[in-house]
S.K.: 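Please read through the structure below; I'll follow up with questions.
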Amino acid sequence: MSRVRVLIRPKAGILDPQGQSVERALPALGFEGVSHVHVGRLVELDVEDTSQVAAMCEQLLANPLIEDYEIQS
Amino acid sequence: MSRVRVLIRPKAGILDPQGQSVERALPALGFEGVSHVHVGRLVELDVEDTSQVAAMCEQLLANPLIEDYEIQS
Amino acid sequence: MAKHRELGLTDYEYDLIVSKLEREPNEVELAVFSLMWSEHCGYKHSRPLLKTLPTEGPRLVLGPGENAGAVSVAPGLACAFKVESHNHPSAVEPFEGAATGVGGILRDIFAIGARPIAILDSLRFGEVSTSARSRYLLERAVAGIGHYGNSIGIATVGGEIYFEGPYEQNCLVNAMALGLIETDKLIRSAAAGVGNIVVLFGAKTGRDGIGGASVLASAELDSSEDKRPTVQIGDPFTEKKLLECSLELLDRGLLVALQDLGAAGLTSSSAEMASKGEVGLDLDVRKVPLREEGMEPFEIMVSESQERMLCVVEPARVDEVLAVCARWEVDGTAIGVVTDTRRLRVFEGTSLVGDMPVTALVDECPTYELSPAEPATPLYPAPPVVLTSSDPGEVLVALLGSSNVASRKWAFEQYDSIVGSRTVRRPESADAAVLMLPSGDTDPLTVLYPDGSDGARPAIAVAIDGNGRRVAADPYRGAVEAVLECSANLACVGAEPLGLTNCLNFGNPEKPHIAWQFTRAIAGLGDACRGFGIPVVGGNVSLYNEGGEGPIYPTPVVGLVGELPDARRAGRLGFLAEGDVIGLVTA
Amino acid sequence: MKFGIVRFPGSCDEVDALVAARRVGEAELLWHGDADLRGVDAVIIPGGFSYGDHLRVGAIARFAPVMGEIERFAATGGLVLGICNGFQVLCEAGLLSGALLPNTSLKFVCRQVGLEVVNASTSWTGACSVGETLSIPAKHTTGRYYAPDPVLDELEANGQVVLRYRAGENFNGSARDIAAVSNPAGNVVGLMPHPEHAVDLLTGSADGLKLFESAARVPA
Ligand SMILES: Nc1ncnc2c1ncn2[C@@H]1O[C@H](COP(=O)(O)OP(=O)(O)O)[C@@H](O)[C@H]1O
């Protein structure tokens, strides 16, 4: 079993309203100098066969039309 | 500017229906041998001062009652 | 292939553009023309037929031609409503496609100044019991509609769903919205007042939904992946702010004209505002706030980024307008000016990058005669026979369990049907939704009836209906039946119809048998409306709905708004109390 | 009794709460950006999707300027009711214990639910009686009440569990069927169901009015 992490984020150019909201909120809390905020999803899983993870991302974990993903294992 | 990633996941022991739903869906797509699936959030941001990120997590990005976070920079 | 063909323009149309411009169009102009002369904006194959629909009625306030139509529902109060399709985007990305469909129809309602109060949806998918793809489309489309309507705080009070084979490749997602407005506050979309300022407000502009026009950038497309057009993503949070901001701007009397940006974005909104006002507009694409760097002028003109509005403001009021935008955390930017040129001129900074006569864009889009021919053989395979048992008990259970009869609770429970505190009949409690009208004693659009008030509570009722299978069997009668069924739904709660909207979902009208379906259905729709004395206040046409296996069932969807004198007497489904008498009424 | 109802960007049920409150007293809207409660006697944080529920429900709204005033107001015994998103905001702000997690179904659900009154001595339930059932609609995606077990024990021991879902009505999976909790003093209450949508029989039920009547009874 290997522990794998999948990081999923909105594709470049795709509207990311959550990222915008966080970027707006941070200065109000006194955190300056923050930019390019994006909010995505994190999926953690134990897999027997890590070679399958990319296919899982394409089919289920991410929506390839609007999201990019990155696999950390 | 440094690019920082914050990985936020449900605290151990708290029911994670999103993780469960992914775990149930995978075998139906032909992916066997997957367990301990958890779904959380990914926040990516460019910051001038990386020492501030922990405070941002505590105050805004994560809710320590229900979530753990990890900073990757 | 020539670029104009890739953009969907015929050689004939291209030559017509050249003759109208008296030169070859440049990239920006070609993009603008291709959108304005598309079926979606130009109604090339439907305009002459739509003209046959009756649009007059004693309660009509606003007929077809504006962003939404409206009927009078109480002294000084109008109900605006319209239905629109988002079929193709939903087939590509069902969640975002359905969500942005709701967002778009809501903008149509508040673009005329009305506060949206309700949403309905009409959905068609392939057979869910056998098709995983249809199940996926259903789940995601319903989730998308719920997400948008729930998040923006507008009640989704009704709708309908059918599952039939012909929709397998081409699902239908139609959304209807209703709003209320004091009649004297209606705002038009006609730009007016030479020298007045054009202000764009709402979300930033990205490369969303650039679709066909991306061929204009095809050189770069191969080299740099991020120039690719992107799927439209809806953001109900931004739209909620946009809605409140628009209504506040109108309430303060700050606007001369207002228009939403729908399909074809800045292009169609600016051209239509100019056309209606018989004026010209100069726009500077450099001033448009962008989400992405390096967008070309034509990309800015055709972008379908959601949650944006365009308004015309007197120069002295611009600062006030921008202040209201700022208060609602909405970007507002002056991007242009009203001129007397009757031309749409696009600038990039100081250089002129597009210059087109407004009449050519809007009024002179060619229309085409259809060549209808009744097919000699059935177009659709007979639906599969699934019940073979002769045991009535078994048949009943099988029927109740079939996808087209089963309860819709799974779907409508995902919709907030009560926000607004006016929903007297929720889904499944009656054949039509019943919504109380404001009492007028406080904020005129707020419902507040003091406890124990005995007075009648005037209300409106709304329903949406369509049955593609029956229209496929007989387009004329099927369309008539859609109006009948919808009226019957209103009658069941005690309401009388006041006005009708429709969405005409059909296949490729250039095929004679589709043209026949389309022509016959519109004739049926018109006759039924005339028979009832109901005006058609607006609608939408969605053509070319075809999958690999052929056209969808011809699916005119009808939305009716009616009035009932007292919500306390609204009919309901189900037997309420023991001892009540059950009657059967027949003709 | 004057109620103030906070309007955040993305609030949806604030006008409904305003209209409901006007049935028992005066009411006006408060703007999220103003650190000013305009002298109201009770504050309602309404339902909706403040800041689009972005990042995490209630996470961004809790930092609005008006929230600082509400924290001070609550600390001095001022009446505060958080409905749905308002409940989420109050938990995020630490005015109430616990957090709201996604429904176990992961779906938005809009449904009339039966609620049992557990504590009828808070500022917002004084007009109810213990054991009584209130029929009130609930509608949310993120309404599963969670707190660690020791915290739940403490809430129960202190009478801070105010309302529970009746058997079979807990569709979101809340711990111990909890639908509403209060702070120890009982002046701050949060609940997921929407009492402001249950103030008129014609729209389904008038049971929610009791919460507003309860507040109106509290001497100013
Ligand atoms: N099926 C129809 N029946 C009646 N009117 C229609 C129909 N389809 C479109 N219309 C009217 O034509 C006008 C232009 O439609 P459309 O381009 O969909 O509006 P919008 O500019 O808001 O997208 C609208 O006023 C609409 O009501």
Side-chain angles (χ1 to χ4, degrees), chain A residues 1-12 14 16-64 66-73, chain B residues 1-14 16-63 66-73:
Chain A
M1 276 293 172
S2 338
R3 189 86 184 137
V4 175
R5 284 171 170 176
V6 180
L7 278 50
I8 300 157
R9 78 174 77 72
K11 264 196 158 61
I14 290 270
D16 175 14
Q18 300 210 66
Q20 288 176 7
S21 285
V22 173
E23 198 163 323
R24 256 185 214 269
L26 284 168
L29 299 178
F31 298 109
E32 300 293 340
V34 183
S35 59
H36 296 97
V37 182
H38 289 290
V39 176
R41 274 172 299 129
L42 164 74
V43 182
E44 295 189 323
L45 57 180
D46 285 350
V47 289
E48 278 170 9
D49 177 2
T50 51
S51 72
Q52 289 196 318
V53 179
M56 290 178 202
C57 290
E58 291 288 333
Q59 287 180 49
L60 182 72
L61 305 183
N63 181 345
I66 53 179
E67 294 170 329
D68 287 328
Y69 60 87
E70 180 187 320
I71 301 167
Q72 294 185 344
S73 53
Chain B
M1 276 292 173
S2 337
R3 188 88 186 137
V4 176
R5 284 169 169 177
V6 180
L7 278 50
I8 301 157
R9 78 173 77 72
K11 260 196 158 56
I14 295 189
D16 173 17
Q18 266 185 295
Q20 287 181 348
S21 126
V22 172
E23 200 163 322
R24 270 196 304 271
L26 284 169
L29 297 174
F31 299 107
E32 300 294 342
V34 182
S35 59
H36 298 98
V37 183
H38 288 290
V39 178
R41 258 193 330 276
L42 164 71
V43 182
E44 295 190 322
L45 55 179
D46 285 351
V47 287
E48 276 170 11
D49 177 2
T50 51
S51 72
Q52 289 195 319
V53 178
M56 289 178 203
C57 290
E58 291 289 333
Q59 283 181 51
L60 177 71
L61 303 181
N63 177 344
I66 50 175
E67 295 166 332
D68 289 326
Y69 63 87
E70 182 187 319
I71 300 167
Q72 294 185 345
S73 53

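First the proteins, then the strands, lettered A, B, ... as listed; each starts at 1.
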S.K.: To the nearest 0.5 Å, what is the distance between CG on B/Asn63 and CD on B/Glu58?
M.R.: 10.0 Å
S.K.: With chain B as the partner chain, list the residues of residues 66-73 of chain A whose heavy atoms fall under 4.5 Å from it, by residue number, and write 'none' if nothing qualifies.
M.R.: A/Glu70, A/Gln72
S.K.: How about residues 40-47 of chain B versus chain A: which residues have heavy atoms under 4.5 Å apart?
M.R.: B/Gly40, B/Arg41, B/Leu42, B/Val43, B/Glu44, B/Leu45, B/Asp46, B/Val47
S.K.: If the contact rule is any heavy atom under 4.5 Å from chain A, which residues of residues 32-39 of chain B qualify, in numerical order?
M.R.: B/Glu32, B/Gly33, B/Val34, B/Ser35, B/His36, B/Val37, B/His38, B/Val39
S.K.: In terms of heavy-atom pairs under 4.5 Å, which option from B/Arg5, B/Glu48, B/Met1 contacts chain A the most?
M.R.: B/Arg5
S.K.: With a 4.5 angstrom heavy-atom cut-off, is it the side chain or the backbone of A/Leu61 that approaches chain B, or both, or neither?
M.R.: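 For A/Leu61, the contact with chain B is made by the side chain alone.
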S.K.: Quick check on the structure: residues of residues 16-26 of chain A within a heavy-atom distance below 4.5 Å of chain B, by number.
M.R.: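 Within residues 16-26 of chain A, the residues that come under 4.5 Å of chain B (heavy atoms only) are A/Val22, A/Ala25, A/Leu26.
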S.K.: Between B/Gln59 and chain A, which part of the residue has a heavy atom less than 4.5 Å away: side chain, backbone, both or neither?
M.R.: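 Only the side chain of B/Gln59 comes within 4.5 Å of chain A.
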